[in-house]
Engineer: 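Just dropping this structure here.
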There are 2 protein chains.
Amino acid sequence: MARSTNTRFAVAVHVLTYLAGVAGERPVSSDELSASTNVNPVHVRRVLGPLRAAGLLRSRPGVHGGWELAVPAGDITLAEVWRLLQGEDPVLGLHGPNPSCEVGRGVQESLAVLDRAVADAVADELSRFTVHDVLAGKVISRSRA
Amino acid sequence: MARSTNTRFAVAVHVLTYLAGVAGERPVSSDELSASTNVNPVHVRRVLGPLRAAGLLRSRPGVHGGWELAVPAGDITLAEVWRLLQGEDPVLGLHGPNPSCEVGRGVQESLAVLDRAVADAVADELSRFTVHDVLAGKVISRSRA
DNA sequence: CGCAACCGCAATCTTTATGGTTACGAATAG
DNA sequence: CTATTCGTAACCATAAAGATTGCGGTTGCG
């Protein structure tokens, strides 16, 4: 889990926030979202797929098509977004230790437990915030809350 | 943060646990650690560098050389290990949004705050465990605690 | 002293994941 | 029919991660 190069969560949060800002006005094209996020429109669509599948977003093709929120911004926690994009992938990178080494086997089991615990901790933290909070600039550090 | 391919934390935990298991007997060569972890010995040394710099480990070259714990296993929390290896790298992958887009700027600020909060949450979770816990097989999931 | 065992470190190589690009079909107005 | 939009697959370019190579320095032992 060192330096993450995967920007999908950040892009998703960005897009959801953008859509929350225009909520109800009009669908927003992936081209427009691309301009805001600086991410390729095809990639935007790729990232948003799972969120649509989960019912957070709606998309329609054609003229006047685009994306819009399918639920209120205040009902979308960042934890949910994160879980949808993270899926079952491990959070901690796991190595493949020598199976014939007893220490390694025990460590691998412990790491699997830790991975789940860490994923839950991340989700718990993110569950404190919604897309509406982001839009309203309410995501501030705890020490200042 | 999706699928982490960085195995450094896992390798470090593995090695620390292994060394805790032979504590005081003898220094352990990176070749032996390589055999257990299935990770190249040069890479093992590379991973362990920061831990040695922080005083958790000692290494010596030459005949009968190798690595050993510099502090008791029960005094090494996994949070400390994680922090040492993670450094200041972001946990959440951040994209580079269009600077002239107001939404993007706000989101970027929020994501920076979230990144710190998530890193703290991870560290908090990992601070519940020490290398000794891993060795003793005491890392179990919470729901079973 | 020579040799083997070890670490420290840099440079290079190989593999893999990520996001960009291209292409094209399907769906939607005007 | 044309233009606009999404959905999706395949391919491309790049960066990150770990492996490999090379070599110097340090440490016992015969």
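Just so you know, these numbers use all the heavy atoms, side chains as well, and skip hydrogens, waters and symmetry mates. Chain naming here is simple, since letters A, B, ... match the order of the sequence lines and numbering starts at 1 in each. The shown structure was predicted, so the numbers you read here are calculated from the model rather than taken from an experiment.
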Engineer: Among residues at least two apart in sequence or on other chains, which ones pass salt bridge (charged side-chain N to carboxylate O under 4.0 Å, His left out) with A/E68?
Structural biologist: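 In terms of salt bridge (charged side-chain N to carboxylate O under 4.0 Å, His left out), with neighbours along the sequence ignored, A/E68 is linked to A/R58.
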Engineer: Can you identify which nucleotide, out of C/dG19, D/dA16, D/dG28, has its nearest atom closest to the B/H64 side chain?
Structural biologist: D/dG28
Engineer: Nearest whole Å is fine: how far is D/dG18 C1' from A/H95 NE2?
Structural biologist: 13 Å
Engineer: What is the distance from atom CZ of B/F9 to atom CG of A/L111, rounded to the nearest 0.5 Å?
Structural biologist: 7.0 Å
Engineer: Out of D/dG7, C/dG20, D/dG22, which nucleotide sits closest to the side chain of A/R45?
Structural biologist: D/dG7
Engineer: Determine: side-chain N/O of A/T5 to OP1/OP2 of C/dG19, distance under 4.0 Å, yes or no.
Structural biologist: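 No.
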Engineer: To check you understand the geometry: which heavy-atom pair defines the closest contact between A/W67 and A/R52, and what is its length?
Structural biologist: CH2-NH1, 3.0 Å
Engineer: Considering only side-chain heavy atoms of B/W67, which listed nucleotide, C/dC7, D/dT21, D/dT8, is closest?
Structural biologist: C/dC7
Engineer: Does B/R8 get its side chain close enough to the base of D/dG18, under 3.5 Å, for a donor-acceptor pair?
Structural biologist: no
Engineer: For DNA chain D, which residues of residues 50-61 of chain A approach it to below 4.0 angstrom with any heavy atom?
Structural biologist: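 Those residues are A/R52, A/S59, A/R60, A/P61.
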Engineer: Any idea which heavy atoms bring B/D115 and B/P90 closest together, and the distance?
Structural biologist: OD2-CA, 3.4 Å
Engineer: Look at the side-chain N and O atoms of A/N6 and state whether any lies under 4.0 Å from the OP1 or OP2 oxygen of C/dA17.
Structural biologist: no
Engineer: Going through the checks in order, is the salt bridge (Lys or Arg N to Asp or Glu O under 4.0 Å) test met by A/R116 and B/E125?
Structural biologist: CA-CA 11 Å; A/R116 284 190 294 273; B/E125 186 63 27; over 6 Å; no
Engineer: Is a side-chain donor-acceptor pair under 3.5 Å present for A/S36 with A/H14?
Structural biologist: yes
Engineer: Please give, in whole Å, the distance from D/dG18 P to B/L48 CG?
Structural biologist: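 Distance, rounded to whole Å: 13 Å.
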Engineer: Report the distance from atom CG of A/L94 to atom CG of A/L92, rounding to the nearest 0.5 Å.
Structural biologist: 6.5 Å
Engineer: Within residues 26-41 of chain B, which residues have any heavy atom lying less than 4.0 Å from an atom of DNA chain D?
Structural biologist: B/N38, B/V39, B/N40
Engineer: Roughly, in whole Å, what's the span from CG in A/D89 to C1' in C/dT16?
Structural biologist: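 Whole-Å distance recorded here is 14 Å.
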Engineer: Could you check whether B/D120 pairs with B/R83 (Lys NZ or Arg NE/NH1/NH2 to Asp/Glu carboxylate O, under 4.0 Å)?
Structural biologist: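 Salt bridge: yes.
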Engineer: How long is the gap from CG on B/L16 to NE2 on B/H132, to the nearest 0.5 Å?
Structural biologist: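 Between atom CG of B/L16 and atom NE2 of B/H132 there are 13.5 Å.
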Engineer: Nearest whole angstrom, please: distance from the C1' of C/dT22 to the CZ of A/R46.
Structural biologist: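 Taking atom C1' of C/dT22 as the reference, CZ of A/R46 is at 12 Å.
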